[in-house]
Amino acid sequence: MTGARLLRGAAGAAGFFVVGELVIRYGIGDDMDFPPPSTILLETGRLLADPDFLAGVGATLANWALGLLIAICVAVPLGVLLGSLPPVERAIRPVLEFLRPIPSVAIIPLAILLIPVDEMMKVSVIVYASLWPILINTLYGMHDVDPVAKESLRSFGFGPLAVLSRVSVPSAAPFMATGVRIAAGIALVLAVSAELVAGGVAGIGVYVIQAGSGNRMDLMMAATVWAGLFGVAANLVLMAGERRLFHWHRMRTGAQS
Amino acid sequence: MTRKLRCYAVALGVTVALTLAGCGGSDDGGATSANSKGLEKTTIKVGALPIPDPVSVYIAQAKGFFKEEGLTVEPTPITGGAVAVPMIESGQLDISQTNYVSTFAAVAGGKKIKLVADMYQAGANCFVIMVPGDSPIKTVADLKGKTIFVNNLNNVATLAVETQLKVAGLSKDDVKFAEKPFPEMGNAIKAGQADAGWITEPFITANQSANGFRKLADTITGQTEDLPIAGWMASEEWVQKYPKTLAAFQRAIAKAQQLASSDRKEIEAMLPKYTKIDAKTASVITLGTYPSELNANRLQKVADLMLEYGYLKSPLDVKSVIAAPASSG
């Protein structure tokens with residue numbers, strides 16, 4: 001990212017902040033009781049000194065990371081397997097297409113009923129939700145493998161496993177990485193949503209519930225700001241990782257830097 | 001040599017296992033045990049909303065009342081009684097906060113739930129109908145044809161409002177109830193989404209000071225005077241499986257309830273620790289009472305009101321829902 005772009009981004013954020021501040025302070029003044037951005041930002045900073053909130057962040061991020069990790073460990077091998085066995089994929093595809101569009105948040109009440117351990121319930125819904133983007137992207141990646149490359153290897157006498165590990169999987173890897181990046185965002189949504197629905201000992205969502213019940217809209221918003229920041233940070237880290245690892249892929253597809 | 005060693009190991013293992021089994025047997029007899037109180041379960045998860053009602057569990061925790069009973073309690077914030085029922089059914093929670101209207105409706109619907117301790121009884125002005133300061137609505141009768149916000153439909157909120165409508169010669173068909181969480185009611189009423197709201201603390205105080213709302217009517221008066229609101233519940237299975245653990249919990253909670261009802265300062269000191277209600281707000285909000293005994297006669301009033309207003313189809317004997325505290329520990 002160039003300096004000029006960074007500057008423009010910062011200017012945009014600052015402009016948004018100022019407009020929000022002015023509208024809330026002077027525009028809607030009497031019609032609505034809502035904390036202005038400056039108050040929220042102040043509380044966002046102060047939350048760093050709140051042990052309850054920090055414990056919540058730890059709990060939420062732990063569920064998030066564990067859920068995402070399990071989803072990767074399940075979805076990537078499954079995607080590779082289905083991608084390399086087209087008849088099986090055709091058989092399973094209808095089930096996948098049925099399960100995929102179910103809004104993951106809607107399965108939280110079911111998970112509460114079925115899974116007796118709170119953390120396990122939360123991790124399960126995170127896994128369920130983040131499975132799909134990784135699986136679907138892996139499948140796309142497996143379909144996208146250059147057939148000439150596969151054929152060449154075969155004609156040199158390489159077996160199917162060698163073709164898989166030397167051509168198919170590396171070629172599909174950038175797609176998997178994109179799937180993981182999308183899943184990371186979804187996993188965070190589910191990590192916080194599950195807490196908002198089910199409560200729990202600690203969590204960003206639990207903190208939001210407590211703040212809401214105590215009439216502290218400023219704290220609710222501040223905790224939400226942190227959740228957003230974690231999402232942005234995860235996205236940046238994963239995007240940087242993709243850029244580093246799969247430079248060749250972007251060259252091939254001609255993606256912009 | 002190795003085989004011989006393995007034989008010894010197996011023999012040793014069997015001996016240890018038998019000894020342990022023997023110990024287990026004597027445990028059941030209650031002679032010697034790992035925990036001196038002979039509790040079936042020493043660590044329990046207790047669900048509670050981050051509001052003033054369940055303060056007793058936090059008082060009992062802070063004062064060591066649970067510890068004296070050999071209990072380790074993990075208070076767990078929940079989001080509502082409706083979510084808590086599947087949680088006690090699945091074992092995610094051992095005991096949870098519930099409100100009586102929800103509990104009796106659930107029991108009438110076939111849920112196997114027992115009330116194990118009392119928690120919170122409303123007092124005057126604990127739940128009020130509020131309107132904006134400049135609202136043309138001056139009396140409950142003026143609510144005819146208006147929209148009223150409640151936190152949950154078909155629950156204690158609508159029941160309490162209906163009792164006041166009846167006094168004013170109206171019924172639930174004369175008004176429109178709409179659901180809205182307490183934190184959002186003030187703004188939504190100001191934005192014109194509803195004409196009035198059924199509100200509790202700390203939002204009564206907040207809406208008065210920040211939004212200029214005024215109280216239209218107290219809903220804890222007349223038929224609803226001293227209305228029992230919330231209690232502690234467990235699943236029927238849990239109550240049968242862990243009688244001693246339950247008795248220990250009941251003793252500790254009763255002690256904390258007594259402290260809470262005798263000294264408001266104890267509640268005020270605890271609120272900022274488990275809710276986001278600060279000390280200043282805690283000192284001014286209206287609080288109900290904290291009965292230390294689960295009294296079937298008092299609770300029967302809730303079930304009878306529910307029957308009268310159509311929340312229950314047939315009479316419910318509250319005694320059948322109560323898991324009576326065992327008098328002997």
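Here is how names work: the chains are called A, B, and so on, in the same order as the sequence lines, proteins then strands, and each is numbered from 1.
Interface remark: of the candidates S213(A), P109(A), A202(A), G199(A), S213(A) forms the most heavy-atom pairs closer than 4.5 Å to chain B. If you tally non-hydrogen atom pairs under 4.5 Å between each of L49(B), L93(B), T76(B), I277(B) and chain A, the highest count goes to T76(B). Top candidate by heavy-atom pairs under 4.5 Å with chain A, chosen from P52(B), G212(B), P77(B), is P77(B). If you tally non-hydrogen atom pairs under 4.5 Å between each of G212(A), G200(A), A211(A) and chain B, the highest count goes to G200(A).
With values rounded to the nearest 0.5 angstrom, I285(B) atom CD1 is found 9.0 Å from I204(B) atom CD1.
Between Y207(A) and D50(A), the side chains place a donor N or O and an acceptor N or O closer than 3.5 Å (distance only, hydrogens not considered). No side-chain donor-acceptor contact under 3.5 Å links S235(B) and E89(B). Side-chain contact, E268(B) with S283(B): no donor N or O sits under 3.5 Å from an acceptor N or O.
Note on ring orientation: taking the six-membered ring where Trp is involved, the planes of W198(B) and F127(B) are parallel (angle under 30°, cut-offs 30° and 60°).
Of the atoms belonging to V201(A), heavy atoms from both backbone and side chain fall under 4.5 Å from chain B. Using a 4.5 Å cut-off between heavy atoms, M120(A) does not touch chain B at all. Looking at F182(B), there are no atoms closer than 4.5 Å to chain A (heavy atoms on both sides), in backbone or side chain. Both the backbone and the side chain of I209(A) come within less than 4.5 Å of a heavy atom in chain B.
Taking the six-membered ring where the residue is Trp, the centroids of Y58(B) and Y274(B) are separated by under 6.0 Å.
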